[in-house]
Each structure stands twice: as C-alpha cells, then as structure tokens.
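To start, the structure itself, in structure tokens.
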Amino acid sequence: MIRTEYYKDLTKMNTFGMKVKARCFMEYDSVADLVDIEFEELARPVLHIGGGSNLLFTDDFKGTVLHSKIDFIEVLEDCEEVLVSVGAGVVFDDFCAWAAKEGLWGVENLSYIPGEVGASAVQNIGAYGVEVKDVIRKVYCYDTQEEEFVNFDVGECGYGYRDSIFKNPDIKGRYIVTHVVFALSRTPQPKLDYGHLKEAVECHPERSEGSLTPGLIRKTIIKIRKEKLPEPSVKGSAGSFFKNPVISQEHFAGIESAAKAEHGPEYKVPHYDLPDGMVKVPAAWMIEQCGWKGKRSGGAAVWDKQPLVIVNHTGEAYPEEIIGLEKRIIASVKAKFDVELNPEVEHI
Ligand code: EPU
C-alpha cells in the first residue's frame with residue numbers, strides 16, 4: 001500500500017526536531033509498491049528519507065518526501081556464516097537487537113545508532129571500530145530511472161568513511177534501497193579494540209557470570225552511547241554533526257607542538273594514524289579546544305559530553321540557529337588549527 005499526505009508535518013520524522021513540512025509525503029509498504037509509483041510525475045525535488053537521523057531540514061520541503069516501511073528480517077542461509085535479508089524500513093537497532101537475541105555476531109558494535117537499514121547502507125554508518133560495510137554482502141535497490149530492480153555487491157558500493165556511490169551527486173536519488181543482505185556469524189568475532197571498549201565490556205556487571213556474547217557487547221555499547229550522546233527522544237540532534245578530519249603528518253606535527261606548548265610537554269593529542277600515512281584527528285577534540293563544549297547559541301547548543309554533536313537545546317531551535325552555530329564552529333576550528341571541518345549531517 002502507498003499512503004500519500006500533503007503538507008505533512010515532518011517534526012517527528014527528523015531526529016533534529018526541525019518544525020518543517022513537506023509539500024507531498026509518500027510512504028510505501030512493499031517492494032511491489034515502488035513499481036506503482038510514477039516517479040516522473042512526483043513533485044520535485046524528491047527526497048527519500050530513512051529515520052531522518054542524519055538530516056538537517058533548513059526549510060519546508062517543496063517537493064516529495066518518500067519513506068519506506070519495507071519491514072522484514074529473513075534468514076536466507078544458516079551455516080557458520082548466516083545470511084540475513086533485511087528490509088530498508090527496519091529500524092537498524094531493531095536488527096541489532098534481533099541479531100544479539102539470535103546470538104549472531106557482526107552488528108553488536110553498531111547498536112543504538114539511530115536510523116533505518118536502507119540509510120545505513122547509503123551512509124555506511126559506523127561506530128566503535130565497525131562500519132556497516134564490514135557486514136554488508138549485497139544492497140538491493142529499485143532504479144527509478146530504468147524502472148527496474150538491481151543489486152550491488154558490497155565491492156561495487158564504493159564504501160568509504162560515511163560514504164558510498166549512493167551519495168555521489170551524479171546518481172543521488174536514482175537508486176532506492178529496498179533491502180540489504182548482511183553476512184553475520186555464529187563464530188564469536190568480538191571487536192573490542194576501539195578506545196576503552198574492552199575494559200568497559202570486562203567491567204560490565206553481567207560479564208563475571210557469563211561468557212562474552214554479542215548481547216553483552218550490545219549492552220555495553222548502549223551504556224556508553226547513553227552516557228555520551230543525547231537520547232534522540234529527549235534532545236533533538238543528528239548524532240555527529242561533523243566528520244573527523246584527515247590531515248597530513250606535517251600538519252598534525254604542527255598541531256601537536258602547539259598543543260604541547262599550551263598544555264605542557266606530556267600532553268598527547270588524540271589521533272589515529274591511517275594506513276595511507278595521513279592522520280585522523282577527532283573533530284570533538286578540536287571543537288573542545290576551541291571552547292565550544294556545552295556552549296549555547298539561541299535554541300541550539302554544543303552537547304557537553306560529546307562536542308561533535310549539535311543539539312536542538314530548547315526543542316524549538318530554528319534551522320538558522322543550528323547553521324549559525326555550525327558556521328561559527330567551523331570558523332574557529334579553521335582559525336586555531338587551519339583545518340576545515342565538513343558536516344556529516346546532510347543539509348536539505
Ligand atoms: N574527545 C574529546 N572531547 C570530548 C569527546 C571526545 O576530546 O568531549 C576526543 C577523545 O580523544 C576521544 C575522541 O575524541 O577519544 C573520539 O571520541 P569518540 O570515541 O566519542 O568518537 P568520535 O570520533 O568523536 C565517532 C563517530 C560516532 C561514533 C563514535 C564511536 C564520526 C563522525 N563519529 O565519533 O558516530 O559513535 O566514533 O565509535 O565518525 C555518528 O556518526 O552520528 C556518531 C555518533
């Protein structure tokens with residue numbers, strides 16, 4: 001079935017809680033419904049949303065917003081490796097909860113990330129040392145241009161850091177993800193190298209009695225996320241607002257020596273050395289060093305426990321207030337570190 005609404009209030013369909021409307025909103029339940037949609041005739045532009053957890057609506061949307069309710073989890077093959085087909089409209093964390101309950105490894109580190117399965121495959125969501133591309137086998141789509149169903153092997157999806165071919169401006173919007181096939185595992189594959197994750201798992205009250213399970217890692221990750229990140233149902237945000245920048249070793253050496261001059265010779269700047277010789281520096285650290293942590297600006301604020309996140313502090317923030325804060329953060333990081341922060345959140 002396809003449901004169509006005009007001048008639809010999108011406040012509850014974007015986790016930032018921007019009070020905007022869509023001229024036309026269409027929600028469909030099945031893969032077969034997609035064939036019935038006359039894409040040529042839709043009010044333009046057309047935007048397909050998932051959980052609306054990585055978007056900043058800057059105004060009312062003048063075209064058509066589409067949303068999938070394709071909602072199934074189906075085991076295709078159950079051996080050591082377990083192939084699972086999951087509808088694009090499934091809440092990603094419901095899939096993580098299902099996998100943990102089944103004792104399947106692969107998505108436990110991605111627990112509690114807001115959003116839906118279709119968007120996860122477009123955005124290559126990631127957390128705690130795992131990216132969703134690590135467990136994706138195939139992405140099934142509807143090609144709205146050729147009006148046919150197509151599928152992409154994971155190697156064809158062009159996955160990078162929060163990136164894929166589906167975000168490429170030349171084809172953006174052409175392919176609508178219908179379902180994704182994930183390869184999970186019955187063999188334990190704990191990935192605990194990120195930060196203090198291993199200690200956090202070992203200290204979890206349920207660890208002493210039981211063995212290491214995807215469920216225990218899931219519980220630990222949820223606890224960490226709840227401590228650091230705003231609860232979307234309580235405080236509007238789109239998770240990390242900026243990507244972590246990648247800079248050259250020379251550039252990093254300059255930042256490090258300035259930080260040592262400021263904080264003392266023992267001071268260590270957090271960073272990850274990348275295989276290609278470049279250095280990834282947490283944007284959260286830079287934003288904190290510029291004094292933004294917990295700062296308010298009108299209805300918007302920088303989250304005090306994770307400054308990579310901008311929140312709709314009052315619940316009434318205007319898009320301009322969020323964008324104003326974004327611009328000021330970018331300018332101060334540029335001035336202090338000569339680094340250009342790029343938003344991770346898509347501005348609509
Ligand atoms: N840090 C600070 N001050 C802070 C917080 C963090 O200096 O107040 C520094 C610390 O050195 C810390 C480092 O930043 O070790 C990294 O922090 P964190 O582990 O919280 O990760 P992140 O790089 O800031 C990324 C993802 C998050 C994901 C976490 C955990 C991006 C843009 N963000 O953040 O993803 O949850 O890692 O894996 O890559 C999201 O995409 O919406 C998101 C929340």
Side-chain angles (χ1 to χ4, degrees), residues 14-16 50-56 92-93 96 107-116 119-134 159-164 167 191-201 217-218 220-232 235-247 252 255-256 259 262-263 267-274 279-295 301-311 326 329-330 333 336-337 339 341-346:
N14 73 101
T15 58
F16 240 129
S53 55
N54 202 46
L55 303 175
L56 175 63
F92 192 84
D93 191 54
C96 297
V107 285
E108 59 283 355
N109 290 36
L110 303 177
S111 291
Y112 219 57
I113 296 182
E116 295 173 1
S120 77
V122 172
Q123 171 73 357
N124 187 21
I125 59 170
Y128 305 101
V130 174
E131 287 182 322
V132 76
K133 72 163 173 56
D134 304 338
Y159 283 126
Y161 172 50
R162 300 293 193 274
D163 200 18
S164 72
K167 293 179 79 173
K191 299 214 168 58
L192 302 176
D193 291 338
Y194 187 95
H196 301 292
L197 181 56
K198 199 174 170 67
E199 287 106 293
V201 170
I217 296 176
R218 171 174 166 77
T220 310
I221 297 271
I222 292 176
K223 186 167 176 288
I224 298 172
R225 288 188 75 98
K226 284 190 167 176
E227 280 163 6
K228 281 195 174 180
L229 298 167
E231 191 73 41
K235 192 71 87 180
S237 87
S240 301
F241 197 96
F242 300 100
K243 290 186 191 170
N244 285 325
V246 173
I247 59 177
F252 179 71
I255 289 175
E256 191 162 53
E262 192 175 338
H263 303 288
Y267 190 82
K268 286 197 167 57
V269 176
H271 65 283
Y272 320 94
D273 292 313
L274 300 176
V279 184
K280 193 185 252 193
V281 186
W285 177 80
M286 296 185 164
I287 297 168
E288 180 172 357
Q289 294 301 305
C290 292
W292 285 107
K293 210 168 176 170
K295 283 272 159 63
V302 178
W303 191 240
D304 55 354
K305 300 186 198 77
Q306 171 44 294
L308 196 51
V309 179
I310 296 181
V311 295
E326 170 192 10
I329 291 171
I330 290 175
V333 168
K336 188 168 170 75
F337 297 109
V339 169
L341 287 186
N342 285 309
E344 191 207 287
V345 170
E346 192 180 351

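Starting from 1, each residue takes its place in the sequence as its number. Read the numbers this way: they start at 1 and go in the same order the structure lists the ligands and their atoms.
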**Fill in**
atom 23 (O) of ligand 1 sits nearest the protein heavy atom Asn244 ND2, 2.8 Å
**Item:** Within-cutoff protein neighbour (heavy atom, under 4.0 Å) for atom 26 (C) of ligand 1
**Value:** yes
**Asked** Tyr161 heavy atoms, cut-off 4.0 Å: which ligand 1 atoms fall inside?
**Response** 31 (C), 32 (C), 39 (O)
**Asked** Are Tyr112 and Glu231 linked by a side-chain donor-acceptor pair shorter than 3.5 Å?
**Response** yes
**Item:** Nearest non-hydrogen partners of Asn244 and Ala284, listed with the distance
**Value:** OD1-N, 4.5 Å
**Request:** Measure up the Tyr128 and Tyr194 rings against each other and bin them: parallel (under 30°), tilted (30 to 60°), perpendicular (over 60°).
**Result:** perpendicular
**Request:** Answer with side chain, backbone, both or neither: which part of Tyr194 has a heavy atom less than 4.0 angstrom from an atom of ligand 1?
**Result:** side chain
**Item:** Under the salt bridge (Lys or Arg N to Asp or Glu O under 4.0 Å) test, residues paired with Glu256 that sit two or more places apart
**Value:** none
**Complete:** Restricting to heavy atoms, the pick from Asn342, Leu308, Asp304 nearest atom 34 (O) of ligand 1 would be Leu308
**Prompt:** Looking only at protein heavy atoms, which one is nearest to atom 17 (O) of ligand 1, and how far off is it?
**Reply:** Gln306 NE2, 4.0 Å
For residues 119-127, which side-chain N or O atoms pair as donor and acceptor with protein atoms under 3.5 Å away, sequence neighbours left out?
| unit_1 | atom_1 | unit_2 | atom_2 | d |
| --- | --- | --- | --- | --- |
| Ser120 | OG | Val117 | O | 2.6 |
| Gln123 | OE1 | Lys167 | NZ | 2.8 |
| Gln123 | NE2 | Glu344 | OE2 | 3.3 |
| Asn124 | OD1 | Val132 | N | 3.4 |
| Asn124 | OD1 | Lys133 | N | 3.1 |
| Asn124 | ND2 | Gly160 | O | 2.7 |

**Message:** I need the atoms of ligand 1 closer than 4.0 Å to a non-hydrogen atom of Lys228, numbered in the order shown.
**Reply:** 19 (O), 20 (O)
**Item:** Protein contact of atom 36 (O) of ligand 1 - nearest heavy atom, named by residue and atom, plus distance
**Value:** Arg225 NH1, 3.3 Å
**Prompt:** For Tyr159 and Glu131, what are the C-alpha separation, side-chain angles and deciding distance, and is it a side chain to side chain contact (heavy atoms under 4.5 Å, CB included)?
**Reply:** CA-CA 10 Å; Tyr159 283 126; Glu131 287 182 322; over 6 Å; no
**Stepwise side chain to side chain contact (heavy atoms under 4.5 Å, CB included) check, Val130 with Val107** = CA-CA 8 Å; Val130 174; Val107 285; over 6 Å; no
**Message:** I need the atoms of ligand 1 closer than 4.0 Å to a non-hydrogen atom of Glu288, numbered in the order shown.
**Reply:** 2 (C), 3 (N), 4 (C), 7 (O), 8 (O)
**Request:** Report yes if Arg162 has an N/O atom closer than 3.5 Å to an N/O atom of ligand 1; otherwise report no.
**Result:** yes
**Prompt:** For the residue pair Leu55 and Val345, what are the closest heavy atoms and their distance?
**Reply:** C-CG1, 3.7 Å
**Item:** Proximal atoms of ligand 1 relative to Pro307 (non-hydrogen, under 4.0 Å)
**Value:** 4 (C), 5 (C), 8 (O)
**Prompt:** Under 4.0 Å from atom 15 (O) of ligand 1, do we find at least one protein heavy atom?
**Reply:** no
**Asked** atom 9 (C) of ligand 1: which protein heavy atom is closest, and how many Å away?
**Response** Pro282 CB, 4.0 Å
**Request:** Considering only non-hydrogen protein atoms, determine which one is nearest to atom 1 (N) of ligand 1 and report residue, atom name and distance to 0.1 Å.
**Result:** Ala284 CB, 3.7 Å
**Request:** Would you mind listing which atoms of ligand 1 come within a distance below 4.0 Å of any non-hydrogen atom of Pro270?
**Result:** 11 (O)
**NZ on Lys191 to CG on Leu110, rounded to 0.5 Å** = 10.0 Å
**Message:** Using a 4.0 Å cutoff against the non-hydrogen atoms of Lys293, which atoms of ligand 1 qualify?
**Reply:** 4 (C), 8 (O)
**Message:** If you take the centroid of each ring, where Trp contributes its six-membered ring, are Trp303 and Phe241 closer together than 6.0 Å?
**Reply:** no
**Request:** Please could you name the atoms of ligand 1 that Gly239 approaches to less than 4.0 Å, counting only its heavy atoms?
**Result:** 42 (O)
**Item:** Atom indices of ligand 1, in the order listed, that fall short of 4.0 Å to a heavy atom of Phe242
**Value:** 32 (C)
**Request:** Apply side chain to side chain contact (heavy atoms under 4.5 Å, CB included) to the pair Thr15 and Ser237, showing each step before the final yes or no.
**Result:** CA-CA 6 Å; Thr15 58; Ser237 87; 5.7 Å; no
**Proximal candidate to atom 30 (C) of ligand 1 [heavy atom criterion; set Phe241, Trp285, Tyr272, Tyr128]** = Tyr128
**Item:** atom 44 (C) of ligand 1: the protein heavy-atom neighbour that sits closest, reported with distance to 0.1 Å
**Value:** Ser240 OG, 3.2 Å
**Complete:** On a heavy-atom basis, the closest approach of Lys336 and Glu262 is NZ-OE1, 3.2 Å
